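For reference, the structure is listed below as structure tokens.
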Amino acid sequence: MQKSYQFKPIGIIHSCFKEKFGIPRQARLATEATATLELIPPYNNENSIRELENFSHIWLIFIFHQSLSTQWKAMVRPPRLGGNKRVGVFASRSPFRPNPIGMSLIKLRGITQQKGKLSLELQGADLLDQTPVIDIKPYIPYADSVENAQSAYAPTAPETLLPVVFSETAQQQCREKEKQLNTSLSLLITQILQQDPRPSYKTDDDERIYAMKLYDFDLRWRYQNQHVYVIELHF
Ligand code: SAM
């Protein structure tokens, strides 16, 4: 019998993404998606992150904590293959894996220390709010980036992006909300929706109004003529 191993979270993510639906399918696809990694005692110690501020990007190793109740399967259907072709779970980035561990390469915007909390400020995260992080490693280009590497069914970032159109109401609501947030909300919404977060088998226009939880509101939109129409931010 193989031994099993236990890991403790070293930090918790605070992110604008409050539910799984709508989160970009990889890190750095929505560059306006900011998040904070708050380090947990005893790791919230300046010594643990000394020199980290001099790295522009970091790897976060985390637990897919909202996929724990779903059994993993040997084969999965990656959205990049339209959801109709299966590949081995280890040839995928699926959250449903034997050990539900994810890894994301993320831009490190800075490190803050406030009211006894030590936090890493992140940009371009694909992480759900409250995600437990079990490790941080600096990104080292000479070792981590490979020129001319082959990447099977996902050779480049998704290229088909849907045009995103805002209603006047949504535009006004974005302008109001942006005053509180340190980010361009309309750009973030565009980055999320242009990648079409619907399941990959669903690419036709339909009558449905879609919604996802972002910050403290529900973002609502619909599809028409292969465009995304942002209806409103519902508070
Ligand atoms: N970059 C990571 C990787 O390659 O391991 C994650 C890729 S995975 C395909 C990205 C999806 O994971 C997101 O679209 C989101 O729906 C989901 N996700 C993000 N954080 C999660 C969490 N804490 N628990 C479960 N699912 C999560």
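Heavy atoms only: backbone and side chains are in, while hydrogens, waters and symmetry mates are out. Just so it is clear, the model here is predicted, and its values are computed rather than measured. For ligands, and for the atoms within them, numbers begin at 1 and follow the listed sequence.
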Relative to the heavy atoms of S67, which atoms of ligand 1 are at a distance of less than 4.0 Å? 25 (C), 26 (N)
Which atoms of ligand 1 are found less than 4.0 Å from any heavy atom of R93? 3 (C), 4 (O), 7 (C), 8 (S), 9 (C)
for atom 16 (O) of ligand 1, nearest protein heavy atom and its distance come out as K20 O, 3.3 Å
Identify, by atom number and element, the atoms of ligand 1 in contact range of G102, meaning under 4.0 Å from any of its heavy atoms. 5 (O)
Please state which protein non-hydrogen atom is closest to atom 27 (C) of ligand 1 and give its distance, to 0.1 Å? F64 CD2, 3.6 Å
Which atoms of ligand 1 have any heavy atom of T131 under 4.0 Å away? 20 (N), 22 (C), 23 (N)
Cluster partners of L29, using ILVMFWY side-chain heavy atoms under 4.5 angstrom, listed by chain and number? none
Around atom 3 (C) of ligand 1, find the nearest protein heavy atom and jot down its residue, atom name and distance. M103 O, 3.0 Å
Test item: side-chain donor near acceptor, T36 and E121, under 3.5 Å: yes
If hydrophobic clusters are built from ILVMFWY residues whose side chains come within less than 4.5 Å, do W72 and M75 share one? no
The protein heavy atom nearest to atom 24 (N) of ligand 1 is Q66 N, 3.1 Å
Please report the closest heavy-atom contact between I140 and F55, naming both atoms and the distance. CG1-CE2, 4.4 Å
Would you call the rings of H227 and Y229 parallel, tilted or perpendicular, taking 30° and 60° as the class edges? parallel
How far is atom 20 (N) of ligand 1 from its nearest protein heavy atom, and which residue and atom is that? L128 N, 3.2 Å
Below 4.0 angstrom from a heavy atom of R25, which ligand 1 atoms are there? Numbered from 1 as shown, please. 7 (C), 9 (C), 10 (C), 14 (O)
Exactly one of D218, L185, L214, T169 clears side-chain contact (heavy atoms from CB on, under 4.5 Å) with L233, and that residue is L185
Fit a plane to each ring of Y210 and Y223, take the angle between them on a 0 to 90° scale, and name the class: parallel (under 30°), tilted (30 to 60°) or perpendicular (over 60°). perpendicular
Record the part of Q130 in heavy-atom contact with ligand 1 below 4.0 Å; permitted values are side chain, backbone, both and neither. neither
Which of the atoms of ligand 1 are close to P24, meaning less than 4.0 Å from one of its heavy atoms? 13 (C), 14 (O)
Should the pair F217 and F235 be assigned to parallel (<30°), tilted (30 to 60°) or perpendicular (>60°) ring geometry? tilted
Non-hydrogen atoms of I63 versus ligand 1: any pair closer than 4.0 Å? yes
Which ligand 1 atoms are under 4.0 Å away from a heavy-atom of H65? 22 (C), 23 (N), 24 (N)
Report the member of I61, L68, D126, I23 with the shortest heavy-atom distance to atom 1 (N) of ligand 1. D126
I'd like to know whether NZ of K73 has more than 12 heavy-atom contacts from other residues, nucleotides or ligands below 6.0 angstrom. no
Common cluster, W221/L162, ILVMFWY with side-chain heavy-atom separation under 4.5 Å: yes
